[in-house]
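First comes the structure, then the notes that go with it.
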Amino acid sequence: MTGAADCSLGAALRALRTELDLPGAFPPEVLAEAEQAARAPDVPAHLDATDIPFLTIDPPASTDLDQAMHLERRRDGRGYRVLYAIADVAAYLRPGGALDAEAHRRVTTLYLPDDRIPLHPTVLSEGAASLLPGETRPAALWRIDLDGDGVAVATDVRRALVRSRAKLEYAGVQRQIDTGTAEEPLALLRDIGRLRAEQEVARGGISLDVPEQEIVEHDGAYGLAYRATLPAEAWNAQISLLTGMAAARLMADTGTGILRTLPLAPDGAVARLRRSAHALRIDWPHHVPYAEVVRSLDPGKSNHAAFLQECTTLLRGAGYTVFEGGELPDPAVHAAVADLYTHCTAPLRRLVDRYTSELCLAATAGEEAPEWVREALPTLPKEMAEGTRRAGTVERACVDLVEAALLEGREGELFDAYVVDVQDRDPAVGTVHLRDPAIVGRIEGGTAPLPLGERLRVRLTRAGPAARTVLFAPA
């Protein structure tokens, strides 16, 4: 990790907010409504589940806690029970009110190096609606029973009051599980996570372990590091994935809902990926499925990391698709999940999750979805698409700015890198990863085709927050 902390980066971040027209402070009427809702949420018919010892697992600094879980063995000895509590945001928002309208304007929480721009006022998202330890909170409580192989055999969701007992972070969870000091509710995370990962393999799903850049802060300076995913994070993600699949099935059974969809990659994209595998000296026999090849890779190897980066091209095109009247859309499946799937586990940070939660609660109760939910469905896909695009733009722009600040004044220096992408139309142009500092940048200016997956000595030709980017050339 290398640090960058100067006024030019701060100024560039402020300019970015203006350029991208990012939301600023919440209007007074929104704050007033949030304060009132925090004092008096609408919880008339919630089941009392405060006796269940829930826990949360999140990054250490997180206070907007959407999910809490409790894992146990089924009393009949035939598998496991997942109890998953999701913050009940609808208990705090009046449909059509100022708070609701502002959430539709923001769509998602946005993360910047020096701050975050929340979907809801922090009095709710980090206070009254967050599943903070020791606090009684309204939630949508999922109960998903699994058999001994990790297959879901029964699902239920209803409103409940819950109380988390502990706020845990991933490194601590991993340490407890690895050392055998985790008590059973937490220790079962590994068992259930592994079983669900095996089910993912069986249905042809895929989770890409791509090395990701992460902006980190230390003593007021910002830097970049390649984020290594812990097994506990993958196990925890499987619980969220399980819930999203269960929610999609509930909506499909009732004929009304909104799915997270991803079409199968076209043959041309797969053919291009096979050419990349060949260029990177990765063995991909014709009879072996793409997902099986991906699971065999080691992201610590440069040619494998380059191929994983190429694999992300097959995951483009994800969107939100509404269906009503009993007929599922085409496509209905999320190709990476290899099943029906929806977003429902992060309502404090993502608009659509509040609506999927309401649809599933109504489906379980055998009732019609609330009118305010049905009225919003037609426009949700477009809202989510625009919000997701903006979040991606902000994330990439912030990383670009920190990269440019880290390398400011070092133009002309040489670095060791490896090539992770080469343009089809101009093979002398592509993308390189630097190991130290953790930079991903564009490379151009050479005359020979770039060696995909190979190490390459590169020269920095452009950097600095004013440029908002870094550019390399072959050395």
Side-chain angles (χ1 to χ4, degrees), residues 23 25-50 54 56 58 62-68 84-110 116-142 157-164 167 243 247 258 343-362 364-365 367 369-377 379-380 383-384 387:
F26 286 95
E29 64 273 17
V30 173
L31 293 175
E33 192 174 313
E35 292 279 0
Q36 173 60 30
R39 290 191 296 268
D42 182 17
V43 289
H46 283 57
L47 172 74
D48 187 348
T50 54
F54 286 99
T56 61
D58 291 275
S62 295
T63 51
D64 50 348
L65 310 183
D66 291 282
Q67 318 104 13
Y84 207 46
I86 309 298
D88 187 3
V89 175
Y92 298 90
L93 270 72
R94 176 171 54 84
L99 190 56
D100 183 30
E102 184 68 13
H104 278 267
R105 187 171 78 87
R106 295 181 176 233
V107 184
T108 68
T109 293
L110 301 174
R116 60 183 164 198
I117 302 174
L119 173 60
H120 307 103
T122 54
V123 68
L124 296 179
S125 62
E126 300 179 30
S130 179
L131 304 184
L132 298 167
E135 302 291 342
T136 299
R137 295 289 188 255
L141 177 55
W142 288 83
V157 59
R158 61 186 65 196
R159 283 194 154 89
L161 293 174
V162 302
R163 185 184 299 123
S164 172
K167 179 181 182 294
T243 309
I258 180 167
H343 280 158
C344 67
T345 62
L348 294 176
R349 292 168 284 161
R350 194 169 48 207
L351 176 66
V352 71
D353 299 48
R354 171 161 50 108
Y355 290 88
T356 52
S357 186
E358 291 300 313
L359 287 161
C360 291
L361 286 163
T364 303
E367 300 172 353
E371 184 177 354
W372 61 268
V373 173
R374 299 197 305 273
E375 289 179 348
L377 280 180
T379 58
L380 269 177
E383 289 177 299
M384 289 306 304

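- Side-chain atoms of R374 come within 3.5 Å of backbone atoms of A369 as a donor-acceptor pair (strictly under, hydrogens ignored).
- Atom CG of L380 and atom CD of E375 lie 12.0 Å apart (nearest 0.5 Å).
- Looking at heavy atoms from C-beta onward, F26 lies out of side-chain contact with V123 at the 4.5 angstrom threshold.
- One distance of note links OG1 of T122 with CG of L348; it measures 12.0 Å at 0.5 Å rounding.
- When side chains are defined from C-beta on, W372 counts as touching Y355, because their heavy atoms get closer than 4.5 Å.
- Closest heavy-atom contact between A90 and R159: CB-NH2, 3.8 Å.
- Within the model, atoms CG of L351 and CE of M384 stand 6.0 Å from one another, a figure rounded to the nearest 0.5 Å.
- Take Y92 and apply the ring pair (Phe, Tyr, Trp, His ring centres under 6.0 Å) test, not counting sequence neighbours, and it matches no residue.
- Taking both residues in full, the closest heavy atoms of S62 and K167 are given as O-CE, 2.7 Å, listed atom of the first, atom of the second, then distance.
- Of the possible donor and acceptor atoms, none in the side chain of T63 sits under 3.5 Å from a partner among the backbone N and O of E126.
- For Q67 (side chain) and T345 (main-chain N/O), a donor-acceptor pair under 3.5 Å exists by modelled atom type.
- Distance CG/D66 to OG1/T56: 10.5 Å, rounded to 0.5 Å.
- Under the ring pair (Phe, Tyr, Trp, His ring centres under 6.0 Å) criterion, H343 pairs with Y320, Y341, sequence neighbours left out.
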* Checking side chain to side chain contact (heavy atoms under 4.5 Å, CB included) for the pair T243/V157: CA distance, chi angles, key distance, verdict? -> CA-CA 10 Å; T243 309; V157 59; over 6 Å; no
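- Side-chain contact between T136 and R163: present, with at least one pair of heavy atoms (C-beta onward) separated by less than 4.5 Å.
- E102 and R105 are joined by a salt bridge, as a carboxylate oxygen and a charged side-chain nitrogen come within less than 4.0 angstrom of each other.
- Counting heavy atoms from C-beta on, the side chains of V30 and P121 come closer than 4.5 Å.
- With R106 contributing its side chain and P118 its backbone, the two residues share a donor-acceptor pair below 3.5 Å.
- Around CZ of R116, the count of heavy atoms belonging to other residues, nucleotides or ligands within 6.0 Å exceeds 12.
- A 4.5 Å side-chain heavy-atom check between L99 and R94 finds every atom pair outside the cut-off.
- Of all heavy-atom pairs between L65 and P133, the closest is CD1-CD, 4.5 Å.
- Scanning all heavy atoms of the two residues, the minimum distance from V43 to A91 falls at CG1-CB, 4.2 Å.
- Scanning both residues, R137 and S130, for their nearest heavy atoms gives NE-O, 2.8 Å.
- Shortest non-hydrogen contact noted between A139 and V162 is CB-CG2, 3.9 Å.
- With sequence neighbours left out, D48 forms a side chain to side chain donor-acceptor pair (under 3.5 Å) with T50.
- Side chains of R350 and T108: no donor on one and acceptor on the other come within 3.5 Å.
- Separating the CG atom in D64 from the CG atom in L131 is a distance of 10.5 Å, to the nearest 0.5 Å.
- D100 and R354 are joined by a salt bridge, as a carboxylate oxygen and a charged side-chain nitrogen come within less than 4.0 angstrom of each other.
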* To do: Apply the test side chain to side chain contact (heavy atoms under 4.5 Å, CB included) to residues E35 and R39: give CA-CA distance (whole Å), side-chain angles for both, the deciding distance (0.1 Å), then the verdict.
  => CA-CA 6 Å; E35 292 279 0; R39 290 191 296 268; 3.9 Å; yes
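- Between L359 and C344, every side-chain heavy-atom pair lies at or beyond the 4.5 Å cut-off.
- The backbone N or O of L361 sits nowhere less than 3.5 Å from a side-chain atom of T364 that would complete a donor-acceptor pair.
- Between H46 and D88, the closest side-chain pair of non-hydrogen atoms falls below 4.5 Å.
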